[in-house]
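Just so you know, these numbers use all the heavy atoms, side chains as well, and skip hydrogens, waters and symmetry mates. For ligands, and for the atoms within them, numbers begin at 1 and follow the listed sequence. This is a predicted model, so every value here is computed, not measured.
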Amino acid sequence: MPPTIRSIGISTGGGDCPGLNAVIRGVVKAALLDHGWRVIGVQDGFDGLVWPERTRELDHSSVRGILSRGGTILGTTNRGNPFAYELVADGKKVAKDFSQLCIENARKLGIDAMVVIGGDGTLKIAHDLSKLGLPVVGVPKTIDNDLSATEVTFGFETAVQTATEALDRIQTTAESHHRVMIMEVMGRDAGWIALWSGLAGGADVILIPEIPFTIESVCSKIKEREQFGRTFSIVVVAEGAKFPPKDASGNPIPPPKPGSVGTTLAHSIREYTGKDVRVTVLGHVQRGGTPTAFDRLLGLRFGVHAADLIARGQFGRMVCLRGGEIQSCPIEEAIGVYKIVNPKSDLIRTARAAGVTFGD
Ligand code: F6P
């Protein structure tokens with residue numbers, strides 16, 4: 001028997017991602033038009049459940065014109081875990097458990113079920129809240145595309161498009177100055193953004209966490225290009241790329257942190273080749289701005305299907321894309337199971353056949 005639902009809550013947690021607003025629109029439109037529910041926007045992840053004044057009702061006008069907007073109209077945070085909420089008391093950092101408060105506040109707000117949009121961290125919290133009695137359904141999001149439960153996450157295509165356009169621009173200045181240009185991209189421990197944008201943008205070297213590389217191999221590609229009169233080279237490096245312990249001269253390379261991965265690589269390439277090297281860290285540019293049509297559509301489909309899961313009482317589940325269709329799976333199944341690049345996949349084969357070096 002389907003549950004009686006009058007109002008649902010919706011929140012976005014973790015790092016933002018292009019397409020979040022499309023999901024919000026899909027949920028709100030389906031809730032109002034299809035199911036006749038009220039929708040309460042819970043702001044900044046779960047913060048709105050800790051402080052109910054940070055909630056607001058969402059109606060048709062709230063979601064008007066938001067499909068093309070990046071970010072999230074609800075705000076987000078990658079802090080604010082209600083099970084260990086960090087506060088400063090008497091000048092000291094303390095962690096408080098506000099989980100029961102969230103359950104009580106949800107009840108007081110009249111929230112019968114919640115749609116939680118987030119990455120694995122946010123979905124894990126949602127799952128834990130559901131065990132305390134708050135019915136939830138999940139929507140996966142990340143530009144990194146590293147969740148194994150879904151074929152693709154919205155936001156990934158936009159990030160790849162942005163990185164590819166940046167590479168197109170880097171290419172022309174690299175050629176003019178006969179330089180090695182390194183572009184560092186995001187992706188945590190997965191090389192999807194580096195691989196897709198590197199291939200689409202015609203990179204000569206792509207370094208991803210899944211394929212260990214050596215400085216010698218990277219530099220011999222650059223030198224080989226020189227011999228053929230190609231006096232510039234483009235290197236795309238994923239922020240999670242695993243550096244060799246030593247450079248070509250035997251000097252230790254301390255594992256760099258995201259944001260300084262490109263610079264560390266530049267230092268070694270400069271030493272080894274004597275070439276002029278420049279670095280671009282694309283950073284949060286990849287996360288901002290207008291989502292592609294594909295990401296908007298996937299977001300909308302996820303949103304509408306999340307509302308359908310609630311209507312059918314299928315709580316504790318997450319929407320996902322499988323075989324091009326929107327399906328669902330238990331949230332538990334999706335948490336902590338990462339999808340990384342298979343070094344034997346056709347994409348890697350395509351790249352190698354097209355002359356790309358992975359530095360191995
Ligand atoms: O998971 C998305 C992501 O953009 C990663 O690619 C990146 O490592 C991280 O978030 C950056 O997080 P923050 O916005 O906290 O710097």
Student: Under 4.0 Å, counting heavy atoms only: does H284 come that close to any atom of ligand 1?
Tutor: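 Contact present.
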Student: Take K275 and E226, measure what salt bridge (Lys or Arg N to Asp or Glu O under 4.0 Å) needs, and give me the verdict at the end.
Tutor: CA-CA 10 Å; K275 293 264 320 166; E226 297 270 326; 2.6 Å; yes
Student: Are G187 and ligand 1 in contact, using a heavy-atom cut-off of under 4.0 Å?
Tutor: yes
Student: N/O of M186 under 3.5 Å from N/O of ligand 1, yes or no?
Tutor: no
Student: Which ligand 1 atoms are under 4.0 Å away from a heavy-atom of N78?
Tutor: 15 (O)
Student: Does the side chain of E157 pick up a donor-acceptor pair with the side chain of T292 at under 3.5 Å?
Tutor: yes
Student: Would you say the side chains of D295 and T158 form a donor-acceptor pair under 3.5 Å?
Tutor: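 There is such a pair between these side chains.
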Student: For atom 4 (O) of ligand 1, grab the closest protein heavy atom and report residue, atom and distance to one decimal in Å.
Tutor: R287 NH1, 2.9 Å
Student: Without hydrogens or angle criteria, can the side chains of K29 and H60 be said to hold a donor-acceptor pair below 3.5 Å?
Tutor: yes
Student: Is it the case that the side chain of R317 and the backbone of V137 share a donor-acceptor pair, with hydrogens and angles ignored and the cut-off at 3.5 Å?
Tutor: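 Side chain of R317 to backbone of V137, a donor-acceptor pair under 3.5 Å: no, none is there.
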Student: Under a 4.0 angstrom heavy-atom cut-off, which atoms of ligand 1 come close to R188?
Tutor: 5 (C), 6 (O), 8 (O)
Student: Measuring centre to centre across the rings, with the benzene-like ring taken for any Trp, is F98 within less than 6.0 Å of F46?
Tutor: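 Not under 6.0 Å, so no.
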Student: Output the list of atoms in ligand 1 that are nearer than 4.0 Å to some heavy atom of I143, sorted by atom number.
Tutor: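 The list of qualifying atoms is 4 (O).
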Student: I need the nearest protein heavy-atom contact for atom 2 (C) of ligand 1: residue, atom name and distance, please.
Tutor: D144 OD2, 3.3 Å
Student: Kindly determine whether R38 and E57 satisfy salt bridge (Lys or Arg N to Asp or Glu O under 4.0 Å), including the steps that lead there.
Tutor: CA-CA 7 Å; R38 273 175 77 229; E57 186 159 346; 3.3 Å; yes
Student: Among all protein non-hydrogen atoms, which one is nearest to atom 8 (O) of ligand 1, and what is the separation to 0.1 Å?
Tutor: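 Sorting protein heavy atoms by distance from atom 8 (O) of ligand 1 puts E239 OE2, 2.5 Å first.
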